[in-house]
Structures are given as C-alpha cells and as structure tokens.
Amino acid sequence: MMEIRTKTLSNIKRVLIKIGSAVLTGEDGLDLAIIDQLVDEMAGLSQKGYQVVLVTSGAIASGRHRMGLRGPVKSMPQKQALAAIGQGRLMRVYSNAFGRHRLFTAQILLTMSDLTDRKRYLNIRNTLSALMEWGIIAIINENDTVAVDEIKFGDNDHLAAMVANIIEAHLVINLTATEGLYDRNPMLFKKAKLIKLVEEITEEIEDAATEDTTSIGTGGMRSKVLAAKKVTAYGIPYIIAPGKQKGVLESILTGNDTGTLFLPEEKPMHSRKHWIAFTLRPKGKIMIDEGAKKALIEEGKSLLPSGIIDVEGSFDVGDPVNCIDAKGMSLATGLVNYGALEIRKIMGLKSSKIEQVLGYKDYDEVIHRDNLAITGNKINKKS
Ligand code: GLU
C-alpha cells in the first residue's frame, strides 16, 4: 500500500489543492485559524519548489456571515450577491495569510463557458502558466455572480477537476471535512470503513459516495468521486483528505497513508476526448443496444446507425451527445455526424441504407470513434 503511494506520488511538482467551505468556515464565518494553518502548509510546499494552485470555496459562506444570515440561502440572486460580498474578503484573508510568507496571490474567477470556448480556455491556460512561473499562488473560484445554470460548474469539485486538466496538474488534493471516502455514509453508519485506495472507480465506489452535503458546501461526496473520475481519466492521481488535520499536505506528499487515493488511469484519455467527455455539455441522448455497447466500450469501435434504438433531444451535426444503454446508464459522449432528426430516420438501419433513406450519405458512422469518449464505469466495460 505504502509502496503504491510512494510510487504514484513520486516526481510531483504541480499540485492542485481544492478546499471546500466546510473546511474553511466555522460558526463565525471564515475560520481564520484553519486558513492560516493550510496557507502555512501550502507556502511550505511552494518554498520547497512545488507549484501550488488553489481552488477555494468560501465566498458565499463568508458573505452570508457578513450579512448575518443563518442557514442556506435559496434564491439565486441572493446567493450571487453573497458571493460578491464574500469573495473580496476571502481573497483578503488568503492574501494576508500568504503575505506572511512573502508570497503573492492572484484571483481567478471562472465560469463553465470560459472553458467551452477554446480561445478563452487557452487564455486561462496561458495566464495560469505565467502565474506559476512567477511563483504566484493562483486562487480560483467560480464566478458565482455571473454563473447561471447553463454556464455553471455547479460545485468547486467539478471546477477543480477542470482546472487540473488545464494546468496539467501532477496531483489533485481535495481537502474536505471528512477523513476521505468511506464504504458507507459515516454519518449514518458507525461501522463505515475508510477506503484508503481506489484502483478503479466502479459502480460500487460511486454508490459508496452519497450526495449528502453539509449545510455549508455544495458538493457532497458524490461530486468528489465524479471529480476523481474526470481527473484520473486524464492520468492524474486524486486524493480526498481531511483538511483540518494538521500537516495533511506534508503527510500526503511524503507518501503517508492519509485520506483516499484514487489511482490515475494507466492509459490517460487524450486531451481532446477529455474535453468532449467532461467539458462540453451534451445536447441530447442516443440510446444504444447491447451489441453497440460492446462494440464501443470493449472494441473501441464507432457508433453505427444499426445499434441505435432511440434518440432524445434536438441536436445538430457536430453537437456533443451522450450515449446511454437501455437502462439509461451513461456510456460515452461523442460528436455526432448527423442531427437528431436524421438519426431518428436511420436508427436501426445498416449504414448502406443511409443514402436511400436520407437521399445523401456523408458518413457511415453516426459518431466516429475519434470523436467518441468512453466514460462508462469499469464494471460496464467488463459486462
Ligand atoms: N463558489 C462557492 C463559494 O465560493 C462554493 C461552491 C462549492 O462549495 O462547491 O462560496
């Protein structure tokens, strides 16, 4: 076990650290003692030559405290206003804390649409890389004030997973209010056991992670495991660890058995496919039969009209679409060669019939394998 850790965590230089609101906030808004403690650790890493990028929540929680509000706030504009109130303070606290170590910070606020736009994506990448070269600590949060549903990451676990991809992190550490991932919800089951190592994210692992959240954070354990899936698919190891434990970062980087380690995929997904799978938002669904499922997942083949049993949504040529099996389980995301209306006409047919039905044939495949990113769980891959 220790050997796997040491091996996985050797040669690490660029670390993305995500800290959730449940770690950063106490009864009285931001917990300055915890922030100082974590900043001391991150500064220590930076001084040792690690490149540290931070994704942090806490804006809404801090704004809520400033406004004297108790309990969760439901209305979107109010949440956005609280983020605007709290973000400045959050940055000031971090900037003062890093300042004690003579380290400068930079604020970066992102929405999902910044990443789906290739130009903006590249700008962000270049900015982050300049900051890292200068040894500045980039502090990233969702731009809550402008993010409405369609352009929202939803939670900072997802945001951190996307940033890990952008900066090509060598390791992601998600600091949470618990010890790591348990086999059952530890708040409900006393005998729940901490899982120290996840070699593959199977359905069983996904099921172990419930959606329960604290009243402060938004993610819950499930979103952390889904984030782990995105990150490990890119070939980056992922650790969920206890953010309040003193020396947690040092402990992880020296190979101690802290938190839950998710091993990276041995054959990382190509960056374009990762982008198709995890950054683009699918515009519809294509339900496929067992034969097509096997061809896609086990044999790495393209999706042909013959394997399609149903189509949901309206989408055009080139749009990202989610492939699901008959039970509704998500298997893959790909860019389609035909629009939804055309696919409805040719589904279930041999490719040789496409021209006869549509009057033209641009492609044999509905989704070419080069444009298809498989995301089905390992358990599906074996079935
Ligand atoms: N962006 C939100 C904030 O800073 C938090 C989102 C999350 O906790 O996932 O308050």
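Whatever order the structure lists them in is the order used to number ligands and atoms, beginning at 1.
With a 4.0 Å heavy-atom cut-off, ligand 1 is reached by the side chain of Ser21 but not by its N, CA, C or O. Contacts between Ile60 and ligand 1, counted as non-hydrogen atom pairs separated by less than 4.0 Å, involve both the backbone and the side chain. Contacts between Asp144 and ligand 1, counted as non-hydrogen atom pairs separated by less than 4.0 Å, involve the side chain only.
The pair Arg369-Glu299 does not count as a salt bridge, with every side-chain nitrogen at least 4.0 angstrom from each carboxylate oxygen. Of the charged side-chain nitrogens involved, none lies within less than 4.0 Å of a carboxylate oxygen, so that Asp144 and Lys79 do not count as a salt-bridged pair.
Judged by distance alone, the side chain of Tyr338 and the main-chain N or O of Asp362 form a donor-acceptor pair under 3.5 Å. A donor-acceptor pair is defined here as one N or O able to donate and one able to accept, closer than 3.5 Å; such a pair exists between the side chain of Asn322 and the backbone of Ala332.
Considering backbone and side-chain N/O of Ser57, one or more are found under 3.5 Å from N/O of ligand 1. At under 3.5 Å, a nitrogen or oxygen of Asn141, whether backbone or side chain, sits near a nitrogen or oxygen of ligand 1. Note: an N/O pair closer than 3.5 Å links Gly58 and ligand 1 by distance alone. Residue Asp155 places no N or O, backbone or side chain, under 3.5 Å from any N or O of ligand 1.
Within the structure, every pair that satisfies the salt bridge (Lys or Arg N to Asp or Glu O under 4.0 Å) test and touches residues 88-102, not counting sequence neighbours, is listed here: Asp36-Arg100, Asp40-Arg100.
Remark: Ala130 engages no residue in a side-chain contact (heavy atoms from CB on, under 4.5 Å) (not counting sequence neighbours).
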